[in-house]
Structures are given as structure tokens and as C-alpha cells.
Amino acid sequence: MHTIKDKNKLIARVRRIKGQAEALERALEAELGCSDVLMLVSSMRGAVNGLTAEVMEDHIRNHIVDPDKDNSKSAQGAAELIEVLRTYLK
């Protein structure tokens with residue numbers, strides 16, 4: 001399974017997200033201003049979206065079709081889907 005193969009990389013990303021969540025919690029406890037809190041929320045959202053995009057791309061490449069190893073019409077569609085996901089989940 002690709003999540004097991006990339007386990008250390010994925011866990012590192014999750015730990016960074018956890019650190020961001022802890023920073024957000026500290027900011028709320030310290031009663032920081034809205035803009036500071038929103039920046040922290042935005043950073044977390046970006047990190048979660050990046051993780052989501054990575055897992056989804058790996059899923060497509062490992063369970064559907066890998067456009068780097070196949071040049072069929074399905075592979076072309078998979079490449080387009082991966083690009084859309086990357087753009088959407090920025």
C-alpha cells in the first residue's frame with residue numbers, strides 16, 4: 001500500500017499539522033487578534049490540503065493508473081485529474 005511505503009513522509013506532514021494546530025490553540029488562548037488567528041487557520045488548511053492532494057495523487061497512481069507509466073486515454077485522464085487536484089487543493 002502506498003501509504004505504508006510513504007509512511008515516514010506522511011507522518012512528518014501530520015506532525016507539522018499537529019504543530020500548527022497547537023500554535024493555533026496557543027494563539028486562541030492568548031487571545032491574539034483575528035488576523036493572526038486567521039493566518040494560522042489558513043496555514044493549517046494549506047497543510048491539510050497539501051497532505052490530501054499527496055495521498056489522492058498517490059492513490060490515483062497506485063490504484064487507478066499511473067500516467068508516468070502508461071500513455072493510454074485513461075492515463076491521460078488520470079494526469080488531468082491529478083493536475084486539477086493539485087490546483088484545487090492549493
Side-chain angles (χ1 to χ4, degrees):
M1 211 157 140
H2 59 94
T3 53
I4 293 170
K5 180 184 74 167
D6 296 328
K7 179 175 131 178
N8 291 334
K9 184 169 86 170
L10 295 173
I11 288 173
R13 288 185 83 139
V14 168
R15 287 183 178 148
R16 281 193 297 275
I17 293 166
K18 181 180 175 183
Q20 290 173 316
E22 290 167 351
L24 175 59
E25 181 180 4
R26 285 190 303 273
L28 291 169
E29 286 175 349
E31 298 178 3
L32 291 184
C34 307
S35 59
D36 293 326
V37 170
L38 287 169
M39 287 297 263
L40 290 167
V41 169
S42 178
S43 295
M44 265 185 71
R45 186 183 65 210
V48 170
N49 284 348
L51 176 63
T52 302
E54 183 174 341
V55 173
M56 290 177 88
E57 180 177 343
D58 286 348
H59 177 78
I60 292 166
R61 291 182 184 282
N62 287 284
H63 297 288
I64 300 172
V65 63
D66 188 346
D68 294 337
K69 297 178 182 173
D70 189 340
N71 59 3
S72 67
K73 199 165 192 150
S74 298
Q76 182 182 358
E80 290 171 7
L81 177 59
I82 289 168
E83 200 55 42
V84 167
L85 286 170
R86 284 182 186 161
T87 301
Y88 179 74
L89 293 173
K90 268 190 177 178

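In this text the structure is predicted, and so the values were computed from the model without any measurement.
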For this session: List the steps and the verdict of salt bridge (charged side-chain N to carboxylate O under 4.0 Å, His left out) for R86 and E83.
Result: CA-CA 5 Å; R86 284 182 186 161; E83 200 55 42; 3.5 Å; yes

For this session: Ignoring hydrogens and angles, tell me if any N or O in the side chain of S42 forms a donor-acceptor pair with the backbone of L38 under 3.5 Å.
Result: no

Problem set entry | M39-V37 co-clustered via ILVMFWY side chain contacts under 4.5 Å | no

Exercise. Roughly how far, to the nearest 0.5 Å, is CE of M44 from CG of N49?
Worked result: 11.0 Å

Exercise. Between I82, T52, L89, N62, which is the residue that forms a side-chain contact (heavy atoms from CB on, under 4.5 Å) with E57?
Worked result: I82

Exercise. So if you build clusters from Ile, Leu, Val, Met, Phe, Trp, Tyr with side-chain heavy-atom gaps below 4.5 Å, do I11 and I4 land together?
Worked result: no

Exercise. More than 12 non-hydrogen atoms from neighbouring residues, nucleotides or ligands closer than 6.0 Å to CD on E29, yes or no?
Worked result: yes

For this session: Determine, step by step, whether L85 and I60 satisfy the side chain to side chain contact (heavy atoms under 4.5 Å, CB included) criterion, reporting the C-alpha distance in whole Å, the side-chain angles of both residues, the deciding distance to 0.1 Å, and the verdict.
Result: CA-CA 11 Å; L85 286 170; I60 292 166; 3.7 Å; yes

For this session: First locate atom CD1 of I17, then atom CG of L51, and finally report the distance between them rounded to the nearest 0.5 Å.
Result: 5.0 Å

Problem set entry | Stepwise side chain to side chain contact (heavy atoms under 4.5 Å, CB included) check, L10 with E54 | CA-CA 9 Å; L10 295 173; E54 183 174 341; 3.8 Å; yes

Exercise. Same cluster for V55 and V14 if Ile/Leu/Val/Met/Phe/Trp/Tyr side chains link at under 4.5 Å?
Worked result: yes

Exercise. Is it true that atom CG of N71 has more than 12 heavy atoms of other residues, nucleotides or ligands lying nearer than 6.0 Å?
Worked result: no

Problem set entry | Closest non-hydrogen atom pair between P67 and A75, with its separation | CB-O, 3.5 Å

Exercise. Got a second to check how far K9's NZ is from R13's CZ, nearest 0.5 Å?
Worked result: 7.5 Å

For this session: Supply the atom-to-atom distance L40 CG to Q20 CD, rounded to the nearest 0.5 angstrom.
Result: 8.5 Å

Exercise. About how many Å separate CG of D70 and CD of Q76, when rounded to the nearest 0.5 Å?
Worked result: 11.0 Å

